[in-house]
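Throughout, a chain's letter reflects where its sequence line sits, starting with A, and its residues are numbered from 1.
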Amino acid sequence: MLPERYPAAPALDVEDVTVVLGDRTVLWDIDAVVPRRTLCAVVGPNGAGKTTFIRAVIGLLQPISGRIRIMGESFAQACRHVAYVPQRSGLDWDFPATVLDVATMGTYTSLPWWRQLGNEQRRRAKAALETVGLSDLASRSIGELSGGQQQRVLLARALAQEPELFLLDEPFQGVDAASEASILATLTSLRDSGRTVIVVHHDLHTVAERFDRAILLNVRKIADGPVSECMTESNLRRTFGARVGFDERNTDPRSMATDA
Amino acid sequence: MPDFAVIAGCALAGILYGLLGSFSLARNQALLGDVLSHAAWPGLVLMLGLTGSRNFAILGIGACLAGMAGMAILDLLGRGSNRLKPDARLALVLSGFFAVGMLLARPVQSIRPGSQGHLQAFLFGQTAALVWSDVMVIALVLALSLVFAASRWRDLTALCFDPVWRQTTPASNMATSPLLDTILVLGIVAGLPVAGVALVSALLVCLPVTARVLTKRFLPGTGLAMLLGGLLGASAPWMVMGLESLAQHFHGDSTLRLPTGPVFVLAGSICAAGALAFRYLARSRAKATGAINHAAN
C-alpha cells in the first residue's frame, strides 16, 4: 500500500531545515535526500543533532524553517506509512505487557478505535515477532528482556505497522552482538523488499560495510549520498573532528540525556 | 449495620480509583492525583464562599475548575526552554493551590457561618456522612470513565507505554491524553466526600500497585485493581464497625467513632505492602532455588 500519489518522490526529502531548541541552534540549514529502497545511516558525533534530525522528520519537533517531505507528503499525511523505533532507554520497561502485546501495538495504527482487534492483527504481530526471532518469548513480560531483545521487540512493533519508511534511533546502543547482527539482517531484508530504512548510528564500520547511503551531520550537514562517495576521510574528519563553526554548547540536550 | 449509601459510595469510588489509578501509575504519574486533589481545594472553598451552597454537585463544579487550572499550570510549567523537572512542578502546584485554599477558607468561614465543619469534611473526608447524591456523582464519573476506557483502550495502552511513539502514529489526532486528564480531575473531585483532599489520591496509588505486583499484563492488572477497590470499598464500612465493636468489647467505650475513609486507605495500603512482600519472598526464593540448581550443576 504505497502512498502512490507521488510515486516518483524520494522516501525523505529535507530542504533548508533549521531546528532551534531553547536558544541553541541544533540543526542548521540541512538539505538531504534519501531515495526509496535504500538503507541509510545518519552519522555524527554526540550532540550533532542526529536524534533531533529524526524527531524533526517525524513531527515531534517543529523546525523554525525549511520543509520536510516524506514520499512527497507532509508527515501528517504520510504517517500511516512511517514507523518510528525510539531509543530503548527512553521507555519504561516495567510497564505490564508481554512481548506479543508490544508487537500488537504496531497494528493499532491502522485500526480505527471502534474496531475490535482481529485475527489479521494477531497474525501480523506474530509474523513480526517471527521475523525478529522472538516468537519463543511472545508471552514473556517485557521487563524480563535483555537490551537486545527489547530493541528487537520495538523493531517487531514497527514491522507490525507495515510501513514503507522505517526510522530507527540508535538501535544498536547497548545491544549484544547477536541482536545487532539479527537487527541488521532484518533491516537489510526490508530494504531488499522495497522499503526504505533510515538509522541513526555511530559505528562507522557497519555503516561502510552494510549501508547504502549515509548522511553526515554535525549541526550542519557535512555530506550525504552513497556510502562510497560521502564517507571520505576528509568528510569524516569534518564530521567528527573540529566542530565546524560552532562551539561545544551547540549540543542536543535530548541526545545527550538519552545517550547516557 | 452501616448505611447502604456509604457502602455503595466506597465501593464505587474503589472501582473508579482502581481504573484511573492504573493509568496514572502506568504513566509514572502516581503523584498527579495528590496534586489534583490539593489543586481542587481552593475551587471548592471559593464556590462555598460564593454560593453558600452545601450541595456537592455545585461545590464540585468549583473544585473541577480549580483542578483543571492546576493541570493547565502543570502543563505550562513543563513547556519552554526553562522547564522545571516534574517533581518540582508537582510540588509547586500542590502547595501553591493548597495555600490559596487555606487562605480563602478563613474569610469564607466568616461570611458563611457554620461552614467550618463542612470544609473540614472535604479536607479530611467524612465518609459516614455520604448521601445518595454524592454516590450518584461517583457513579456518573465511573460510568463516564468506563465508557472512555473501553472505547479507547488500545490508544490508552499506547499512551501509557510509549507516548512519544504514539505521537508519530495517526492516533496522535485523538485527544486521548487531555480526555484522560479531565476524567482524572472529575474522578478526584467525585471522591472528595469519601476520603478528602488529604487522602483521596492514596487510593489512586495503592490499588494499582497491588494489582501491578500480582499481574503481568495491563488489562488484567487494571481489572484486578478495580475488583480490589470495589471489594475493599464495600467492606471498609464493615471493618469500621468491627473495629468499633472491638474497642467497645475491650474498653467498654461505646462512643468511639472511627473514620471510614482512612480505614479504606489503610486497608488498600496493607494490600499493597502485602503484595510487595509476597513478590519479594517469591523472588528471593526463586533466586535461592536458582543458586542451588546452579551449585548442583
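- Looking at D92(A), the atoms closer than 4.5 Å to chain B (heavy atoms on both sides) sit in the backbone and in the side chain alike.
- The two residues Q150(A) and I142(A) have their closest heavy-atom pair at NE2-O, 4.1 Å.
- When heavy atoms are compared at a cutoff of 4.5 Å, I58(A) approaches chain B by way of both its backbone and its side chain.
- For Q116(A), the part sitting under 4.5 Å from any heavy atom of chain B is the backbone (N, CA, C, O) and nothing else.
- With a 4.5 angstrom heavy-atom cutoff, V102(A) touches chain B only via side-chain atoms.
- A donor-acceptor distance shorter than 3.5 angstrom exists from the side chain of R89(B) to the backbone of L84(B), with no hydrogens or angles considered.
- Residue contact with chain A, scored on non-hydrogen atoms closer than 4.5 Å, involves the backbone and the side chain of R217(B) alike.
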side-chain contact (heavy atoms from CB on, under 4.5 Å) between L12(A) and I68(A), worked out | CA-CA 7 Å; L12(A) 176 64; I68(A) 297 172; 4.0 Å; yes

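- Comparing A158(B), C160(B), S151(B) by heavy-atom pairs within less than 4.5 Å of chain A, the highest count is held by S151(B).
- Looking at N28(B), the atoms closer than 4.5 Å to chain A (heavy atoms on both sides) all sit in the side chain, from C-beta outward.
- Comparing W114(A), Y108(A), Y84(A) by how many heavy-atom pairs each has under 4.5 Å with chain B, the most go to Y108(A).
- Contact of P112(A) with chain B is made through the backbone alone, with heavy-atom distances under 4.5 Å.
- In R27(B), the CZ atom is crowded: over 12 heavy atoms of neighbouring residues, nucleotides or ligands sit closer than 6.0 Å.
- Crowding of K126(A) atom NZ: a count of heavy atoms from other residues, nucleotides or ligands under 6.0 Å not exceeding 12.
- Chosen from L154(A), V82(A), L167(A), D94(A), the residue pairing most often with chain B at heavy-atom distances under 4.5 Å is D94(A).
- Contact annotation for R152(B): only side-chain heavy atoms (C-beta onward) come within less than 4.5 Å of a heavy atom of chain A.
- Residue-environment remark: CE (M174(B)) exceeds the threshold of 12 foreign heavy atoms within 6.0 Å.
- In terms of heavy-atom pairs under 4.5 angstrom with chain A, the leader among F218(B), W153(B), W165(B) is W165(B).
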Could you walk me through whether T168(B) and C79(A) pass the side-chain contact (heavy atoms from CB on, under 4.5 Å) test, one step at a time?
-> CA-CA 7 Å; T168(B) 69; C79(A) 67; over 6 Å; no

Trace of the side-chain contact (heavy atoms from CB on, under 4.5 Å) decision for Y17(B) with V200(B) | CA-CA 9 Å; Y17(B) 287 138; V200(B) 74; 3.2 Å; yes

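- Contacts of A171(B) with chain A are absent, with no heavy-atom separation under 4.5 Å from either backbone or side chain.
- With R152(A) contributing its side chain and V132(A) its backbone, the two residues share a donor-acceptor pair below 3.5 Å.
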